[in-house]
2 protein chains.
Amino acid sequence: MAGDDEKSSVFGDQAGSVELLWGGRERPSRGPKPALSLERITRTAIALADAGGLGAVSMQRVAGELDFTKMSLYRYVPGKSELVALMIDMAMGEPPAAPSPEAAGRPGDGGWWRVALREWAEALAAVYHRHPWLLGAAVGPRVMGPNELGWTERAVAALADTGLTGGEQLDAVVVVNGHIRAIAQVSASMGLDSARAKEPEQVMSAALNELLVGRTDRFPAVSAAVASTGADDTSRDQAWEFGLERILDGLEAYISRGRRG
Amino acid sequence: MAGDDEKSSVFGDQAGSVELLWGGRERPSRGPKPALSLERITRTAIALADAGGLGAVSMQRVAGELDFTKMSLYRYVPGKSELVALMIDMAMGEPPAAPSPEAAGRPGDGGWWRVALREWAEALAAVYHRHPWLLGAAVGPRVMGPNELGWTERAVAALADTGLTGGEQLDAVVVVNGHIRAIAQVSASMGLDSARAKEPEQVMSAALNELLVGRTDRFPAVSAAVASTGADDTSRDQAWEFGLERILDGLEAYISRGRRG
DNA sequence: CGAAATAGCGTCCATCGGATACAGTTTCTC
DNA sequence: GAGAAACTGTATCCGATGGACGCTATTTCG
């Protein structure tokens, strides 16, 4: 029968990733000592990805960077997808510590959970800013690593005492996470263009403007919106702040009204 | 000087995509008539991607599907990235028509913009459901195609009369779009696993459960949340509905309070 | 002291995106 | 009409990629 592993699992193709990410494989006793380590390989791959994107990560280059041959890496990693999974989890790193319970802020700020979730979101955005390739690496069917699950744990923990259902807590984390990724997506589109690292807002407007010139009749609403932003000063991270505030407002309203409706 | 094209542009590497997506290149008069067409090539590539993901799209396979050689495609498309750009825009398709102004719903539903934005979101989610590879294709620096900009136009138009700033309108669209993509991301992780297409919520819980077994002490909040959802019935698209409602609530509150705060 | 298990390497392969050069076809100009 | 010019499709070639396989050297256990 198919899938006759030790125990049946929902992780069909990704058993290797699960083992690498979660199983601390003990060193076998016999045989030569390994000269490399998963950690060193992964760290090198991350450095390559940070410098040149995910496309710059190949087995050859990683091995070359370590002064080893390509095939030697396969003694440590079953394949490239598993290496990418390790890269993702290592690049995520440890989630930030939860803020102290006294950091509840002024009444009307929404309580401790809102402060905690905002700090969490900012830290996660910083991770995406440090490793833009994470956006492209984390698509498709994946298995969560310990660090990634640790991030989720922190966010869910922030919402544990809000009265939200367990499912609602998870759903809320998905929303906030989605916003972080969406903004990081837009921001990442800019940095690679050139050295003139303008604000994301401005570059997006510039790109839109160039497309819209002579086509304002076809896209009147976007044209009007872009034209109006061109005038006043668009403060940094405006989209980030606006979206996060709207999401947190929506959550706060739902929480404070006792989850009805 | 660098970038000495006809006119300076913010689209450095993607001039080819811009021309293909936006410029209707007229057929040259001399020479044999092309046997293929951009439209046919793109449609074939989309079919391959729908069937086997973005990885199943190679020049060879697209050409083979059309009974042509690989290199003949390069008479129509400068490179693969441009083909992917065309695929994205064609797969997006035309945005849905805006709902009639009478569809404002009952007072308290938030007005016409909320209905329009919800319909827009549902249509966009359907697109991602039809073409899951869009999630992976639309990462990194990209140039918007006409259809994609058309979708944005519709969403911004829905918010045009809300009193929101132009920038706020664009930011709001980013938030909703981010949520759609986040949910599609989770949903896409499921379908490929096997034929047993459970609800996304359940599969996510199953995957989490398998990781959490024996580790509930390390991830107490997630464990508790998952355990509580395992009991009661998780209705379909719960995460989708929850997140969208929270976002729209947040927008509505901001709009109805006159954009203060 | 073998025997077993492991680590790194060399070789080979299919496939990928793409450059280049070339033969056949259509149309414009003289 | 007769080039010449422009264009289409193709054949060949290249470097790079992920990965399979087998070999040799090393370490440890019986």
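What you see is a predicted model; the values in this text were computed from it and never measured. Numbers restart at 1 for each chain; the letters A, B, ... are given by sequence-line order, proteins then strands.
Between atom CZ of residue Arg130(B) and atom CE of residue Met92(B) there is a gap of 11.0 Å, rounded to the nearest 0.5 Å. Taking CH2 from Trp22(A) and CE from Met144(A), the interatomic distance works out to 8.5 Å, rounded to the nearest 0.5 Å.
The separation between Ile41(B) atom CD1 and dG9(D) atom C1' is 12 Å, rounded to whole Å. In this structure, Tyr74(A) atom OH and dG10(C) atom C1' are separated by 15 Å, rounded to whole Å. If you take CG of Leu83(B) and C1' of dG18(C), they are 14 Å apart, rounded to a whole angstrom. In this structure, Glu26(B) places its CD atom 14 Å from C1' of dC7(D), rounding to the nearest Å. In this structure, Leu66(B) places its CG atom 11 Å from P of dG9(D), rounding to the nearest Å. Put simply, CG on Leu73(A) is 13 Å from P on dG10(C), counting in whole angstrom units. Rounded to whole Å, atom C1' of dA16(D) lies 14 Å from atom CE of Met59(A). Taking atom NZ on Lys80(A) and atom P on dA20(D), their separation rounds to 15 Å, with Å as the unit.
Side-chain proximity of Arg75(A) to dC23(D), dC16(C), dA20(D): nearest is dC23(D).
At least one side-chain nitrogen or oxygen of Ser58(B) sits closer than 4.0 Å to the OP1 or OP2 atom of dC16(C). Distances shorter than 4.0 Å separate none of the side-chain N or O atoms of Gln60(B) from OP1 or OP2 on dT15(C). A sub-4.0 Å separation between OP1 or OP2 of dG8(C) and a side-chain N or O of Tyr76(A) is present. At the phosphate of dG8(C), neither OP1 nor OP2 sits under 4.0 Å from any side-chain N or O atom of Ser72(A). Taking 4.0 angstrom as the limit, Lys33(A) places none of its side-chain polar atoms (N or O) nearer than this to OP1 or OP2 of dT27(D).
At a threshold of 4.0 angstrom between heavy atoms, the contacts of Met71(B) include nucleobase atoms, whether or not backbone atoms are also involved. Using a 4.0 Å heavy-atom cutoff across all strands shown, Val57(B) reaches sugar-phosphate atoms only and no base atom.
When all heavy atoms of Gly140(B) and Gln185(A) are compared, the pair lying nearest together is N-NE2, 3.3 Å. Contact detail for Met87(B) and Trp133(B): the closest heavy-atom pair is O-CH2, 3.7 Å.
For dG19(D), the base has a donor-acceptor partner in the side chain of Lys70(A) [N/O atoms by modelled type, under 3.5 angstrom].
Residue order along DNA chain C, read from the 5' end via each residue's closest nucleotide, puts Arg61(B) first among Ser29(B) and Arg61(B). Comparing Arg30(A) and Pro78(A) by the nucleotide of DNA chain D whose heavy atom lies nearest to each, the residue mapping closer to the 5' end is Pro78(A). If Pro32(B) and Phe68(B) are placed on DNA chain D by their nearest nucleotide, the residue sitting closer to the 5' end is Pro32(B).
The pair Glu148(A)-Arg142(A) meets the salt-bridge criterion, since a charged nitrogen lies less than 4.0 angstrom from a carboxylate oxygen.
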